[in-house]
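Quick caveat, the model's predicted, so the values are computed rather than measured. Chain naming here is simple, since letters A, B, ... match the order of the sequence lines and numbering starts at 1 in each. Keep in mind that the numbers below use all heavy atoms, side chains included, and drop hydrogens, waters and symmetry copies.
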Number of protein chains: 2
Amino acid sequence: MAANHVSFRYFVLGLLARQSMSGYDVKRLLKSLSWLIGSPSFGSLYPTLHDLLKDGLTTMEVVPRESKPPRKIYSITQAGRQVLQDWVDQPATPNAPLKAFVMRLILASNFSNAGLIAHLEQRRLQVADHQAALERVASEIDETDLRQYLAIDYALAIANAEMAWLDSTLDQLLVQ
Amino acid sequence: MAANHVSFRYFVLGLLARQSMSGYDVKRLLKSLSWLIGSPSFGSLYPTLHDLLKDGLTTMEVVPRESKPPRKIYSITQAGRQVLQDWVDQPATPNAPLKAFVMRLILASNFSNAGLIAHLEQRRLQVADHQAALERVASEIDETDLRQYLAIDYALAIANAEMAWLDSTLDQLLVQ
DNA sequence: CGAGGCATGTAATACGTTACATGATTTC
DNA sequence: GAAATCATGTAACGTATTACATGCCTCG
């Protein structure tokens with residue numbers, strides 16, 4: 001139920017776990033990371049912040065400023081940290097989109113090493129599946145039209161790069 | 001206005017331009033390509049198909065089968081091809097998500113060489129921007145926590161791979 | 001004999017974007 | 001002096017997912 005909403009909610013909570021900040025700050029941070037995960041509009045960000053507050057996962061402090069609208073600084077609570085930890089420790093859903101993987105990757109780096117490794121290994125399995133599926137498709141169209149092959153070739157290039165990164169990163173984490 | 005919906009609509013139309021098929025066939029095809037673009041549910045696919053038909057961009061033929069529900073085969077019309085061509089020839093929106101790029105890449109391979117090159121060059125500019133943004137973020141956090149650097153490193157690895165693919169593919173297309 | 005694929009479709013619900021509202025300050 | 005950034009928020013609207021409804025066939 002509502003996996004996207006839930007993960008975005010927790011992702012925002014995770015950003016607040018690193019550092020207390022205002023909604024505007026969250027937006028700015030998200031924008032700088034927007035390439036692979038996108039950046040939600042204020043229309044969904046502010047209500048999310050209000051929900052987290054209402055559920056006791058954050059607290060909010062109004063910081064007034066002279067002749068400017070006051071900033072509202074959100075901080076994570078103990079309850080919030082617990083909920084976040086539980087979420088990060090959960091195994092990823094089987095066919096999670098790239099976006100979900102990256103969001104968890106950003107947060108997982110704050111938590112247990114074992115969880116991080118599990119997360120990467122889970123992703124490795126998925127990427128391997130995708131590679132196989134892409135190669136299957138490639139073998140079917142290869143001979144007909146080179147132009148049609150472009151998109152598959154692109155996807156394979158990305159998948160191979162991701163696989164290489166996962167392998168080398170897992171190596172480094174396991175050696176430690 | 002509703003760029004996502006519009007592009008998905010046209011993307012389906014583009015798949016029908018390659019080959020006439022049923023809604024179920026479209027779903028299967030989308031699933032095989034689902035890695036980078038996702039695969040919509042029937043709840044949005046069937047209404048989209050109905051819309052395209054209603055707007056005269058496709059025709060539909062009911063193919064009955066003994067003791068099975070009949071299949072509904074959709075084919076693109078001349079009007080549909082025109083609309084599709086116009087859409088493909090449009091320059092990509094400035095900050096289009098990866099998904100939109102891939103959808104257009106899949107379709108662009110069916111159309112003009114010049115349009116395809118323009119599409120790739122447009123994307124090249126965007127990826128270069130992203131690389132710069134990621135490196136800016138990387139330089140800010142580098143020294144503090146190596147674990148936090150992971151997600152940035154991941155994104156950079158993907159961006160670099162995409163850049164390499166774009167360069168080599170553009171080379172090939174321009175030589176011809 | 002149950003699970004999953006084939007094949008279509010609708011309705012309720014949840015989600016997200018766009019547009020609106022307000023207003024000072026900084027940058028070109 | 002216009003445009004962008006800072007800073008918050010709500011309401012209308014569009015879009016998508018999930019769940020429901022139906023039913024046969026095939027593979028293990």
Interatomic distance where CZ belongs to R9(B) and C1' belongs to dG14(D) [whole Å]:
14 Å
Spacing between L29(A) atom CG and dC6(D) atom P, to the nearest angstrom:
13 Å
Determine which pairs satisfy salt bridge (charged side-chain N to carboxylate O under 4.0 Å, His left out) with at least one residue from residues 167-176 of chain A, sequence neighbours left out, and list them in order.
R124(A)-D167(A)
Taking side-chain contact (heavy atoms from CB on, under 4.5 Å) as the definition, give me every residue that meets it alongside A161(B), ordered by chain and number, with sequence neighbours left out.
A161(A)
Presence of S44(B) side-chain N/O under 4.0 Å of dT15(D) phosphate oxygens OP1/OP2:
no
Protein-nucleotide distance (K27(A), atom NZ; dT18(C), atom C1'), rounded to Å
13 Å
Grab the CG-C1' distance between L45(B) and dT17(D) for me, whole Å please.
13 Å
L49(B) CG to dT15(D) P: how many Å, rounded?
16 Å
Nucleotide N/O to protein N/O under 3.5 Å, stretch nucleotides 5-10 of chain C:
from: dC6(C); atom 1: OP2; to: Y24(B); atom 2: OH; distance (Å): 3.4
from: dA7(C); atom 1: OP1; to: R65(B); atom 2: NH1; distance (Å): 2.6
from: dA7(C); atom 1: OP1; to: R71(B); atom 2: NE; distance (Å): 3.4
from: dT8(C); atom 1: OP1; to: K72(B); atom 2: N; distance (Å): 3.1
from: dT8(C); atom 1: OP2; to: Y24(B); atom 2: N; distance (Å): 2.8
from: dT8(C); atom 1: OP2; to: Y46(B); atom 2: OH; distance (Å): 3.1
from: dT8(C); atom 1: O5'; to: Y46(B); atom 2: OH; distance (Å): 3.4
from: dG9(C); atom 1: OP1; to: K72(B); atom 2: NZ; distance (Å): 2.3
from: dG9(C); atom 1: OP2; to: H50(B); atom 2: NE2; distance (Å): 3.4

Show the atom names and distances, to 0.1 Å, of all donor-acceptor pairs under 3.5 Å that link a side chain in residues 27-35 of chain B to residues at least two apart or in another chain.
from: R28(B); atom 1: NH2; to: D25(B); atom 2: OD1; distance (Å): 2.7
from: S32(B); atom 1: OG; to: L29(B); atom 2: O; distance (Å): 2.7
from: S34(B); atom 1: OG; to: K31(B); atom 2: O; distance (Å): 2.9

Quantified as the angle between the terminal helix axes (five pairs each), what is the overall bend of the helix from dC1(C)-dG28(D) to dC28(C)-dG1(D) to 10 degrees?
60°
Is there a donor-acceptor pair under 3.5 Å between the side chain of T77(B) and the backbone N or O of G56(B)?
yes
Got a sec, which residues hit ring pair (Phe, Tyr, Trp, His ring centres under 6.0 Å) with F11(A), two or more places apart in sequence or on another chain?
none
Got a donor-acceptor contact below 3.5 angstrom from the R123(A) side chain to the V102(A) backbone?
no
Taking R104(A) for the side chain and W87(A) for the main chain, is one N or O donor matched with an acceptor at less than 3.5 Å?
yes
